[in-house]
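Here is the structure we will look at.
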Amino acid sequence: MTLLAIDTAASLCAACIYDDKRGERGRSVLDLGKGHAERLMEVIATALDEAGVGYADLDAIAVSVGPGSFTGVRVGVATARGLALALRIPAVGVTTLEAIAAEALLAHPGSAVIAAIDAGRGQVYLQRFAGDGKAVDEPAVLATEAAAALVRDASEGTVLTGSAARMLGGNLAVTSDG
């Protein structure tokens with residue numbers, strides 16, 4: 001299966017081509033802040049070129065559905081939906097927190113994970129995951145102090161990841177500041 005993954009939920013405008021037999025085959029990432037709508041198709045084309053595949057070779061599309069920038073999420077979802085309809089392939093939404101947790105689980109198999117993203121204005125998007133990758137709770141927007149308390153109460157061996165990881169770190173293993 002050849003998958004196009006799109007992420008426009010934050011400042012990055014990113015596309016990746018992933019093959020379930022050969023792994024990642026192509027990637028393009030621009031750190032834009034704004035302007036995802038104007039650049040996303042170019043980013044996708046670059047990833048396809050790097051992978052040596054065309055739109056007709058795609059079997060599915062995955063797209064980040066947030067949390068993140070409302071406008072960025074809307075651009076990514078609309079693009080994924082339009083491509084999926086045109087290509088007659090499925091499009092699947094993946095939350096930003098699920099994607100971050102999945103990456104942490106690859107590096108730390110079996111560990112509990114807390115995925116945390118800085119939401120600005122003294123808030124954090126946060127979700128906890130068990131060692132098997134299943135969500136322990138629903139994504140939440142918490143005051144930074146409440147998120148820090150949750151992190152402090154986490155069991156030893158829990159991995160903290162995401163853009164809010166360093167500010168919430170406490171005594172947990174921090175895997176990413178992205």
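The residues of the chain are indexed from 1 along the displayed sequence. Predicted model, so just to flag it, every value in this text is computed and none were measured.
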Set of salt bridge (Lys or Arg N to Asp or Glu O under 4.0 Å) partners for R39, sequence neighbours left out: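 Once residues adjacent in sequence are excluded, the partners of R39 under the salt bridge (Lys or Arg N to Asp or Glu O under 4.0 Å) criterion are E42.
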Is the shortest heavy-atom distance from the side chain of [X] to the side chain of [Y] under 4.5 Å?
{"X": "V151", "Y": "I114", "value": "yes"}
{"X": "V113", "Y": "T161", "value": "yes"}
{"X": "L32", "Y": "L12", "value": "no"}
{"X": "L48", "Y": "Y55", "value": "yes"}
{"X": "T8", "Y": "V73", "value": "no"}
{"X": "L160", "Y": "L168", "value": "yes"}
{"X": "I44", "Y": "I6", "value": "yes"}
{"X": "I17", "Y": "V53", "value": "yes"}

What closest approach, in Å, do [X] and [Y] show between heavy atoms, and which atom pair accounts for it?
{"X": "T144", "Y": "Q123", "value": "OG1-N, 3.6 Å"}
{"X": "A147", "Y": "L126", "value": "CB-CD1, 4.0 Å"}
{"X": "V136", "Y": "F129", "value": "CG2-C, 3.7 Å"}
{"X": "G120", "Y": "D118", "value": "N-OD1, 2.8 Å"}
{"X": "S111", "Y": "L105", "value": "O-CD2, 3.2 Å"}
{"X": "L97", "Y": "A116", "value": "CD2-N, 4.3 Å"}

Over 12 non-hydrogen atoms of neighbours within 6.0 angstrom of CD in E103: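 Result for CD/E103: open.
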Inter- and intrachain pairs under side-chain hydrogen bond (donor to acceptor under 3.5 Å, both in side chains), touching residues 25-36, at least two apart: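 Only S11-D31, E24-R27 qualify under side-chain hydrogen bond (donor to acceptor under 3.5 Å, both in side chains).
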Pairs satisfying side-chain hydrogen bond (donor to acceptor under 3.5 Å, both in side chains), at least one member in residues 79-102, at least two apart: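 As it turns out, the side-chain hydrogen bond (donor to acceptor under 3.5 Å, both in side chains) pairs with a partner in residues 79-102, which skip direct neighbours, are S64-T96, T95-E98.
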Steps toward side-chain contact (heavy atoms from CB on, under 4.5 Å) verdict (L58, L87): CA-CA 8 Å; L58 298 175; L87 298 170; 4.2 Å; yes
Hphob cluster co-occupancy, [X] + [Y], side-chain heavy atoms under 4.5 angstrom:
{"X": "V77", "Y": "I89", "answer": "yes"}
{"X": "L3", "Y": "I100", "answer": "no"}
{"X": "M41", "Y": "V63", "answer": "yes"}
{"X": "I61", "Y": "V43", "answer": "no"}

Residue pair I117, V124: steps toward the side-chain contact (heavy atoms from CB on, under 4.5 Å) verdict: CA-CA 6 Å; I117 302 170; V124 174; 5.9 Å; no
At what distance, to the nearest 0.5 angstrom, does [atom1] of [X] lie from [atom2] of [Y]?
{"X": "L40", "Y": "C13", "atom1": "CG", "atom2": "SG", "result": "4.5 Å"}
{"X": "M1", "Y": "D59", "atom1": "CE", "atom2": "CG", "result": "5.5 Å"}
{"X": "K21", "Y": "D19", "atom1": "NZ", "atom2": "CG", "result": "7.0 Å"}

Any donor-acceptor pair under 3.5 Å from D153 side chain to L150 backbone: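 Judged by distance alone, no pair lies under 3.5 Å.
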Heavy-atom donor-acceptor pair, D7 side chain to A9 backbone, under 3.5 Å: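 Yes, because the side chain of D7 sits within donor-acceptor range (under 3.5 Å) of the backbone of A9.
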